[in-house]
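In listed order, ligands and their atoms are each counted from 1.
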Amino acid sequence: MAESWVIMVTAQTPTNIAVIKYWGKRDEKLILPVNDSISVTLDPVHLCTTTTVAVSPSFALFRIGCGLMGRYQFSCVFPFFSREIRARACDVEDKERGIKISKKDWEKLHVHIASYNNFPTAAGLASSAAGFACLVFALAKLMNAKEDNSELSAIARQGSGSACRSLFGGFVKWKMGKVEDGSDSLAVQVVDEKHWDDLVIIIAVVSSRQKETSSTTGMRETVETSLLLQHRAKEIVPKRIIQMEEAIKNRDFASFAHLTCADSNQFHAVCLDTCPPIFYMNDTSHRIISCVEKWNRSVGTPQVAYTFDAGPNAVLIAHNRKAAAQLLQKLLFYFPPNSDTELNSYVLGDKSILKDAGIEDLKDVEALPPPPEIKDAPRYKGDVSYFICTRPGRGPVLLSDESQALLSPETGLPK
Ligand SMILES: Nc1ncnc2c1ncn2[C@@H]1O[C@H](COP(=O)(O)OP(=O)(O)OP(=O)(O)O)[C@@H](O)[C@H]1O
Ligand SMILES: C[C@@](O)(CCOP(=O)(O)OP(=O)(O)O)CC(=O)O
């Protein structure tokens with residue numbers, strides 16, 4: 001092998017939000033869940049991880065660089081991922097440059113990794129899901145592993161359970177599996193992102209502070225103490241999974257919204273049923289639920305579904321753009337920005353929804369009428385940090401444009 005070459009791969013992977021929740025492990029080490037779950041993948045244009053992995057015979061160390069929006073801690077799963085993919089590595093050849101890496105060379109070669117999230121890390125926006133899925137996907141492509149995305153999902157799962165669902169776009173099911181070694185606990189695509197493309201997703205970031213109880217600790221305590229969880233996993237979720245798949249396949253928004261809201265509420269009920277109880281939602285989360293429930297009821301058919309993960313942030317899924325524009329008007333009425341905040345930094349992502357809502361500047365926000373379904377509607381200025389408007393999105397991709405790589409093609413060091 002020549003001495004100075006660098007081969008690298010850059011991948012981009014989305015984050016996801018569960019509409020039927022994963023909460024509770026039957027095997028903590030292998031990360032095997034107590035029930036199936038289903039998620040929607042969020043558009044990587046607005047929330048994604050970009051990861052570059054590089055290999056060169058001149059690298060003497062395993063190196064990780066983090067250029068993140070919010071630094072993340074070194075995670076002990078990185079060497080695990082590297083080992084797992086290395087075991088599946090195949091020959092790699094770049095004929096033009098006269099480089100050949102044979103299967104057995106991978107054992108001694110070191111890799112460099114750099115990763116970037118285009119959204120805040122550890123803020124309850126599932127950065128670990130996008131981050132771990134991206135690392136596994138990028139390493140697999142670099143090392144020419146032949147495994148498909150479902151098989152890769154079973155590796156990503158062992159970093160963080162929800163990460164396995166970020167290996168696909170659209171709607172994704174994590175099948176809990178049966179076998180002891182966990183090899184059948186993996187993600188499969190239910191439908192791709194084009195199947196239901198009029199959905200609009202608005203995330204209300206209620207707090208960017210790190211949460212008090214991590215998902216891992218929280219679900220361990222729930223498994224140990226909650227009888228409600230056992231009932232949920234055995235009796236409720238299996239039926240909901242079937243109904244949710246049906247609703248998604250038929251684009252039946254009323255059933256989808258009903259199941260999504262009910263499952264989010266049951267997940268938080270299970271957290272309350274834990275000893276000591278875990279509170280992930282706060283007053284602002286409850287106000288958002290109430291706003292959506294009252295509006296849906298006043299129209300007679302659901303316009304919007306809500307779901308909350310292990311934190312206070314609301315993920316609101318609107319039936320279509322019209323419903324999303326109306327929702328944004330209501331949200332901005334209740335939660336106007338602080339006077340020193342610009343609208344441009346308060347509503348992020350797909351800003352065309354703002355236009356549809358007829359809102360161009362803060363004066364328009366001030367002038368919004370109170371939602372008719374609530375009498376004497378109060379306003380809670382500053383209680384939401386910001387909103388992100390997005391939609392269902394695609395799964396992982398490779399970025400061929402070298403300008404998007406995070407490592408230098410000459411040195412393999414961060415640019
Ligand atoms: N781009 C990335 N590459 C590799 N690992 C990442 C990346 N981004 C985040 N992580 C890992 O995920 C951890 C953050 O996970 P954590 O569960 O605390 O927050 P989150 O996933 O953003 O929020 P939540 O789980 O509540 O949705 C980081 O400390 C890091 O180990
Ligand atoms: C509430 C959830 O977001 C929980 C996600 O938990 P994690 O996947 O973060 O947990 P670990 O497997 O312990 O890393 C629901 C979900 O995404 O299904």
Side-chain angles (χ1 to χ4, degrees), residues 11-42 47-53 64-78 81 113-139 156-166 172-174 176 185 187 203 205-223 237 260 263-264 266-268 270-271 278 280-281 307-313 315 406:
Q12 192 188 61
T13 300
T15 171
N16 72 78
I17 174 84
V19 290
I20 300 290
K21 305 289 184 193
Y22 147 56
W23 194 254
K25 299 181 182 79
R26 63 181 199 277
D27 183 320
E28 284 223 347
K29 192 164 178 293
L30 292 171
I31 309 202
L32 301 177
V34 295
N35 57 253
D36 291 350
S37 54
I38 294 181
S39 59
V40 55
T41 298
L42 303 182
L47 295 127
C48 75
T49 295
T50 303
T51 300
T52 301
V53 289
I64 301 168
C66 14
L68 297 175
M69 268 176 79
R71 292 201 159 264
Y72 63 83
Q73 287 147 9
F74 175 80
S75 164
C76 56
V77 298
F78 295 165
F81 288 153
I113 300 169
S115 194
Y116 172 79
N117 299 335
N118 70 353
F119 61 97
T121 297
L125 295 172
S127 69
S128 53
F132 292 160
C134 204
L135 188 50
V136 168
F137 183 78
L139 284 171
R157 183 200 80 223
Q158 293 173 73
S160 178
S162 52
C164 74
R165 297 185 311 238
S166 275
V172 185
K173 173 158 86 164
W174 173 11
M176 62 181 285
S185 185
I203 305 171
V205 179
V206 170
S207 153
S208 316
R209 279 182 302 121
Q210 263 176 278
K211 54 187 174 248
E212 267 173 47
T213 314
S214 76
S215 302
T216 309
T217 311
M219 66 177 86
R220 181 183 304 136
E221 290 173 356
T222 303
V223 168
V237 177
T260 300
D263 205 69
S264 172
Q266 189 175 72
F267 153 55
H268 289 277
V270 153
C271 290
I278 309 167
Y280 283 125
M281 293 195 283
T307 187
F308 295 76
D309 270 352
N313 301 338
V315 178
L406 305 174

K.L.:
Is there a side-chain contact between Ile31 and Lys25 in this structure, where contact means two heavy atoms from C-beta onward sitting under 4.5 Å apart?
P.N.:
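The answer is yes, as the side chains (C-beta and beyond) meet within the 4.5 Å cut-off.
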
K.L.:
Just need the protein heavy atom nearest to atom 4 (C) of ligand 2, so name the residue and atom and give the distance.
P.N.:
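The answer is Tyr22 O, 3.6 Å.
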
K.L.:
Considering the heavy atoms of Leu125, write down every atom of ligand 1 situated less than 4.0 Å from one of them.
P.N.:
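With Leu125 as reference, the close atoms of ligand 1 come out as 23 (O), 27 (O).
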
K.L.:
Quick one: does Arg157's side chain have a donor or acceptor within less than 3.5 Å of a partner on Ser185's backbone?
P.N.:
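Flag set: sc Arg157 to bb Ser185 pair under 3.5 Å.
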
K.L.:
Quick one: which ligand 2 atoms are inside 4.0 Å of a heavy atom on Thr216?
P.N.:
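Matching atoms, with element in brackets: 11 (P), 13 (O), 14 (O).
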
K.L.:
Answer yes or no: is there a side-chain heavy-atom contact under 4.5 Å between Thr222 and Ile278?
P.N.:
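Yes - at least one pair of side-chain heavy atoms lies under 4.5 Å apart.
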
K.L.:
Polar-atom distance check: Ala310 versus ligand 1, any N or O pair below 3.5 Å?
P.N.:
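By distance alone, the answer is no.
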
K.L.:
For the residue pair Ser215 and Trp23, establish whether any side-chain heavy-atom pair is separated by less than 4.5 Å.
P.N.:
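Result yes, sub-4.5 Å side-chain heavy-atom pair found.
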
K.L.:
Determine whether any heavy atom of Ser128 lies closer than 4.0 Å to an atom of ligand 2.
P.N.:
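Contact check Ser128 vs ligand 2: negative.
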
K.L.:
Should one rank Met219, Lys21, Lys25 by closest heavy-atom distance to atom 13 (O) of ligand 2, which comes out on top?
P.N.:
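Closest candidate by heavy-atom distance is Lys25.
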
K.L.:
Could you check if a side-chain atom of Pro14 sits within less than 4.5 angstrom of a side-chain atom of Leu42, using non-hydrogen atoms only?
P.N.:
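Answer no - side chains too far apart.
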
K.L.:
Under 3.5 Å, N or O to N or O, is Gly161 touching ligand 2 that way?
P.N.:
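Yes; the residue has a nitrogen or oxygen that sits under 3.5 Å from a nitrogen or oxygen of the ligand.
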
K.L.:
Taking only heavy atoms of Phe78, which atoms of ligand 1 are found under 4.0 Å from at least one of them?
P.N.:
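Taking each heavy atom of Phe78 in turn, ligand 1 has 4 (C), 5 (N) under 4.0 Å.
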
K.L.:
Answer with yes or no whether Asp309 contacts ligand 1, where contact means a heavy atom under 4.0 Å from a ligand atom.
P.N.:
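The answer is no: ligand 1 sits nowhere under 4.0 Å from a heavy atom of Asp309.
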
K.L.:
Which is closest to atom 8 (N) of ligand 1 in terms of heavy atoms, Asn118, Thr216, Asn117?
P.N.:
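Among Asn118, Thr216, Asn117, the closest heavy atom to atom 8 (N) of ligand 1 comes from Asn117.
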
K.L.:
Would you tell me whether Asn117 and Thr49 have side-chain atoms, one donor and one acceptor, within less than 3.5 Å of each other?
P.N.:
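Asn117 vs Thr49: donor-acceptor pair found between side chains.
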
K.L.:
With respect to Ser127, determine whether any N or O atom, backbone or side chain, lies less than 3.5 Å from an N or O atom of ligand 1.
P.N.:
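So ligand 1 has an N or O lying under 3.5 Å from an N or O of Ser127.
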
K.L.:
With a heavy-atom distance limit of 4.0 Å, tell me whether Asn16 approaches ligand 2 through its side chain, its backbone, both, or neither.
P.N.:
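It is neither; nothing of Asn16 touches ligand 2.
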
K.L.:
I want to know if ligand 2 touches Ser162 in the polar sense, i.e. an N/O pair below 3.5 angstrom.
P.N.:
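Yes, there is a polar N/O contact under 3.5 Å.
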
K.L.:
Return yes or no for this condition: an N or O of Asp309 is under 3.5 Å from an N or O of ligand 2.
P.N.:
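Looking only at distances, the answer is yes, because the N/O contact criterion of under 3.5 Å is met.
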
K.L.:
Check each atom of ligand 2 against the heavy atoms of Phe267 and keep those under 4.0 Å away; list them by number with element.
P.N.:
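Counting from 1, the qualifying ligand atoms are 1 (C).
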
K.L.:
Working to the nearest 0.5 angstrom, can you tell me the gap between Leu135 CG and Ile113 CD1?
P.N.:
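Leu135 CG to Ile113 CD1: 4.5 Å, rounded to 0.5 Å.
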
K.L.:
Between Arg26 (side chain) and Met176 (backbone), is there a donor-acceptor pair under 3.5 Å?
P.N.:
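Flag set: sc Arg26 to bb Met176 pair under 3.5 Å.
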
K.L.:
Does any non-hydrogen side-chain atom of Thr307 lie less than 4.5 Å from one of Ile17?
P.N.:
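Heavy-atom side-chain distance check passes, below 4.5 Å.
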
K.L.:
Should you measure from each heavy atom of Ala310, which atoms of ligand 2 turn up under 4.0 Å away?
P.N.:
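Per the distance check, 1 (C).
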
K.L.:
Evaluate the side chain to side chain contact (heavy atoms under 4.5 Å, CB included) criterion for residues Val205 and Leu125: first the C-alpha distance (whole Å), next the side-chain angles of each, then the deciding distance (0.1 Å), finally the verdict.
P.N.:
CA-CA 9 Å; Val205 179; Leu125 295 172; 4.3 Å; yes

K.L.:
Under 4.0 Å from any heavy atom of Ala18, which atoms of ligand 2 are there?
P.N.:
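Close to Ala18: 16 (C), 17 (O), 18 (O).
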
K.L.:
Return the residue, atom name and 0.1 Å-rounded distance of the protein heavy atom closest to atom 9 (O) of ligand 2.
P.N.:
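Result: Ser160 OG, 3.5 Å.
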
K.L.:
Hey, is Leu135 touching ligand 1 through its side chain, its backbone, both or neither, going by heavy atoms under 4.0 Å?
P.N.:
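Looking at Leu135 and ligand 1, no heavy atom falls under 4.0 Å.
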
K.L.:
Please report the C-alpha distance between Asn35 and Lys21 in whole Å, then the side-chain angles of each, then the deciding distance to 0.1 Å, and finally whether the side chain to side chain contact (heavy atoms under 4.5 Å, CB included) criterion is met.
P.N.:
CA-CA 9 Å; Asn35 57 253; Lys21 305 289 184 193; over 6 Å; no

K.L.:
Please state which protein non-hydrogen atom is closest to atom 17 (O) of ligand 2 and give its distance, to 0.1 Å?
P.N.:
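Sorting protein heavy atoms by distance from atom 17 (O) of ligand 2 puts Arg165 NH2, 2.7 Å first.
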
K.L.:
Non-hydrogen atoms of Trp174 versus ligand 2: any pair closer than 4.0 Å?
P.N.:
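The answer is no: ligand 2 sits nowhere under 4.0 Å from a heavy atom of Trp174.
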
K.L.:
Does Ser215, backbone or side chain, put an N or O under 3.5 Å from an N or O of ligand 1?
P.N.:
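Between Ser215 and ligand 1, no N or O pair is found under 3.5 Å apart.
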
K.L.:
Give the atom numbers and elements of ligand 1 that come within less than 4.0 Å of a heavy atom of Ser115.
P.N.:
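Result: 1 (N), 2 (C), 3 (N).
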
K.L.:
Centroid separation under 6.0 Å, is that true for the rings of Phe81 and Phe132?
P.N.:
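Between Phe132 and Phe81, the centre distance is under 6.0 Å.
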
K.L.:
Would you check if Pro312 and Phe308 make a side-chain contact, meaning some heavy-atom pair closer than 4.5 Å?
P.N.:
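Of all side-chain heavy-atom pairs linking Phe308 with Pro312, none is under 4.5 Å.
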
K.L.:
Treating Ser264 as the side-chain partner and Thr260 as the backbone partner, does any N or O pair qualify as donor plus acceptor under 3.5 Å?
P.N.:
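Absent.
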
K.L.:
Under 4.0 Å from a heavy atom of Ile31: which atoms of ligand 2 are those, numbered in the order shown and with their elements?
P.N.:
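In order of numbering, the contacting atoms are 12 (O).
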
